[in-house]
Amino acid sequence: TGRAKVRWDPTQTGLGRVAGRIAALGYRPRLEAARAHRDRDLLMRLGVSAFAMANVMMFSAALYAGWFGTMDARFVTLFQWLSLALATPVAVWCAAPFFTGAWSGLRHGVLHMDLPIALAVAVLWGHGVLGTVVGFDTYLDSLTMLVTLLLAGRVLESGGRRRAAEAATSLAATVPTTARRVTPTSLEIVSTAELRPGDLVDVGIGEELPADGRVVGGEGMIRRALLTGESEPVAASAGDEVWAGTVLTEGAIRVEVSVPSGETMVQRMADELKRAADRSMAPGAGDRLAPWITAATLIMAAATFTAWYSFSALGTAVTTTVAVLVVACPCALALARPLSASAGLGAAARRGVLFRSGNALLTAATVDLVALDKTGTVTEGSSEVVRASDGALRIAAGLERFSRHPIAAAIVREAVRRGLALPTATQVKEEAGVGIEGIVDGTRWRIRRGRPGVILLERVNGTESWEIEYGDRLRAGSPDAIEALRGLGVEVVMLTGDEAGPAGRVAAECSHVDTQYGLTPEAKAERIREWRDAGRRVLFAGDGLNDGPALAEADVAVAMGSGATSSILAADAVVGVDSLETLASALRVSRTCLDAVQRNQRWSIAYNLVAVAAAAAGYVNPLVAAVLMPLSSGAVMFGAWRIEGRVRRSETAA
């Protein structure tokens, strides 16, 4: 069960269809429920850890202040026990995911970042228990801060797989749940799951096709934006191939089913999104360094214990070894990525791009090729008249003023914009897939389709003819956005399902951007897959349901905020403004953020080397350790805080 927000579409017919869609959107498989439960569990752990951290930090501040004053021993003991009471659930329950990850890695022979973190948490807590009982200083404030910040980073990273699965569910829900199957004597209403190849189904105006197949009777106009991204309906008649989920905007057709419901093109697109839901996150530099850090820490701790035990007492050897393990905790290294990513997420959001996770933001920094969907991304997805004389436009608007066709609406809209007086047409006759004709100013005129992107206005039984060119309305700022991306050293390619004519016009208006046209959704995904196999890092930006496979295949998937719900759910980032210009800003933010992560990681490695050497030599006492550990994390925080200023300077330089 779940909640579904239904967006009303005038092409929807019948309460049964709407109810079926609500049920499809609300259905949550067990896997999705498990993911949702895991996300809630992570948030609960973060909440408990954050509460404990805030209080333990206050107690620790009081204890540190007591070093320079005269704090009564009773209060020192009280604050230590209170700190231990608050830190224990953090170490035992809140940090459990890190212990689980470390154990899982060990079982599979892999040393990743969870192992040194789990080791540090265990040592910090054990040292805290001993210090509280015996009466020396503890590191419980560092423990709670470490766990809280790392959990916050995991919360930022979580949710991408669940959203992709939800996108697949909503995409599959675009296909109607019932169909009118033709019987030898009548019609019967059946579930689309019951349709088999060879069945015949009837589809009326305004309805969505229930299955992939071939038209065997009737004719009409079909809007295929769901699959191809084409903004205009196309004619369909006997012999033409059609697909489930597309909408019959005019006419009536009979379709012979060609594939079962589970093998339709829409279902294949949904399967691609489900596979994306199980795609593993890219490992960061910290994950790659973790095995070496872990091995070096354990070796150094063992060597320290052996050396001090050989020349000193057991107590000194234990204390020094604990100091090495505590100081070697990769706090700054582990925090470098999530803290910088959090700052970068905020900087990108202020520029109109909402990244789903820090992983997506940092991956965007490595992008060297940006692929843009045309319809609804580079363009607005609505038709406009590109070129027409006032005389031809006036006559065409008179004929089309009452038509529901999208091109007719564009003609009337352009005529009104030019201030032309619309004539009254008589004896108007419109034939789906063919054109419209009628009498204007005493003369019979006809409008029919010409070459792609052109309609013809002709005098019936005459020789006069005019062309009216139409196409997608270019989205404001698209040419500047493409130039800005090129200025960052990124190759830009436009992918579209449209034909060469309309695609070429848009490409010319966008500084002759490289364009590949006539691509199906699967072909777009295959093209991105080929680029990635060749070693390219690809960002794909799209807006429609048809862009699902390409979004799932790209290294970074970006959806337009005004686009289809499933594309937004499947994307790694959403453009929240009506412009592509923010993409270049987002890439600047991501590159600045990645640079900050790398700087912080270099700093943390240098800190660990010096601190571990000092601890092994016996120079790090509890006071020094208590100061060094927060300072190292504070340096990482300062580097993350500077990201916004560095981004602004890069924008000014650009």
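With sequence neighbours excluded, no residue forms a ring pair (Phe, Tyr, Trp, His ring centres under 6.0 Å) with F99. For R107, there are no side-chain hydrogen bond (donor to acceptor under 3.5 Å, both in side chains) partners at least two apart in sequence or on another chain. In this structure, T100 has no side-chain contact (heavy atoms from CB on, under 4.5 Å) partners at least two apart in sequence or on a different chain. Under the rule for a side-chain hydrogen bond (donor to acceptor under 3.5 Å, both in side chains), the partners of T366 that lie at least two apart in sequence or sit in another chain are R537. Residues forming a side-chain hydrogen bond (donor to acceptor under 3.5 Å, both in side chains) with R536 (at least two apart in sequence, or on another chain): D368, E491. With sequence neighbours excluded, no residue forms a ring pair (Phe, Tyr, Trp, His ring centres under 6.0 Å) with F75. Taking the side-chain contact (heavy atoms from CB on, under 4.5 Å) definition, one finds that V76 meets it with L63, M71, Q80, sequence neighbours left out. The side-chain contact (heavy atoms from CB on, under 4.5 Å) search around T304 returns M300, W308, T320, T321, V324, A616, not counting sequence neighbours. By the side-chain hydrogen bond (donor to acceptor under 3.5 Å, both in side chains) test, E644 pairs with R350, R351, R648, sequence neighbours left out. For V367, the side-chain contact (heavy atoms from CB on, under 4.5 Å) test picks out V370, L539, V556, with sequence neighbours left out.
Heavy-atom neighbours of W93 CH2 from other residues, nucleotides or ligands within 6.0 Å: above the threshold of 12.
Taking all atoms of both residues into account, the shortest heavy-atom contact from A102 to A118 is CB-CB, 4.0 Å. Annotation for R588 and S650: closest pair CD-OG, 4.0 Å, computed over non-hydrogen atoms. The heavy-atom pair separating D373 from G542 by the smallest distance is CB-CA, 3.8 Å. Closest heavy-atom contact between L488 and A584: CD1-O, 3.6 Å. Annotation for A91 and A95: closest pair O-CB, 3.6 Å, computed over non-hydrogen atoms.
Distance check, rounded to the nearest 0.5 Å: CZ of R532 to CG of D555 gives 4.0 Å. Separating the CG atom in L143 from the CG atom in L86 is a distance of 11.5 Å, to the nearest 0.5 Å. Between the OG atom in S83 and the CG atom in L140 there is a gap of 6.0 Å [rounded to 0.5 Å]. Taking CZ of F355 as the start and SG of C593 as the end, the distance is 9.5 Å to the nearest 0.5 Å. The OG1 atom of T377 sits 6.5 Å away from atom CZ of F540, with the distance rounded to the nearest 0.5 Å. Atom CE in M53 sits 8.0 Å away from atom CE in M145 (nearest 0.5 Å).
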Point to revise | Test log, rule side chain to side chain contact (heavy atoms under 4.5 Å, CB included), inputs L372 and L583 | key: CA-CA 11 Å; L372 303 173; L583 271 184; 4.0 Å; yes
Practice item. Go through the steps for S340 and I643 under the test side chain to side chain contact (heavy atoms under 4.5 Å, CB included), then give the verdict. Key: CA-CA 8 Å; S340 298; I643 286 177; 4.0 Å; yes
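Looking at W531 and I528, their side chains come closer than 4.5 Å, going by heavy atoms from C-beta outward. Here the side chains of T363 and N359 are in contact, with some heavy-atom distance below 4.5 Å. Annotation: side chain of V589 is not in contact with side chain of L345 (no heavy-atom distance under 4.5 Å). The shortest distance between side-chain heavy atoms of D572 and V558 does not fall below 4.5 Å.
Without hydrogens or angle criteria, T148 side chain to S49 main chain gives a donor-acceptor distance under 3.5 Å. No donor-acceptor pair closer than 3.5 Å links the side chain of T88 to the backbone N or O of A85.
Side-chain contact, W81 with T132: no donor N or O sits under 3.5 Å from an acceptor N or O.
Salt-bridge formation is not detected for the pair R591/D595: no Lys NZ or Arg NE/NH1/NH2 atom is positioned less than 4.0 Å from an Asp or Glu carboxylate oxygen.
Listed by first and then second residue, the salt bridge (charged side-chain N to carboxylate O under 4.0 Å, His left out) pairs involving residues 42-55 are D41-R45 (not counting sequence neighbours). Sorted by first and then second residue, the salt bridge (charged side-chain N to carboxylate O under 4.0 Å, His left out) pairs involving residues 74-96 (not counting sequence neighbours) are D72-R74.
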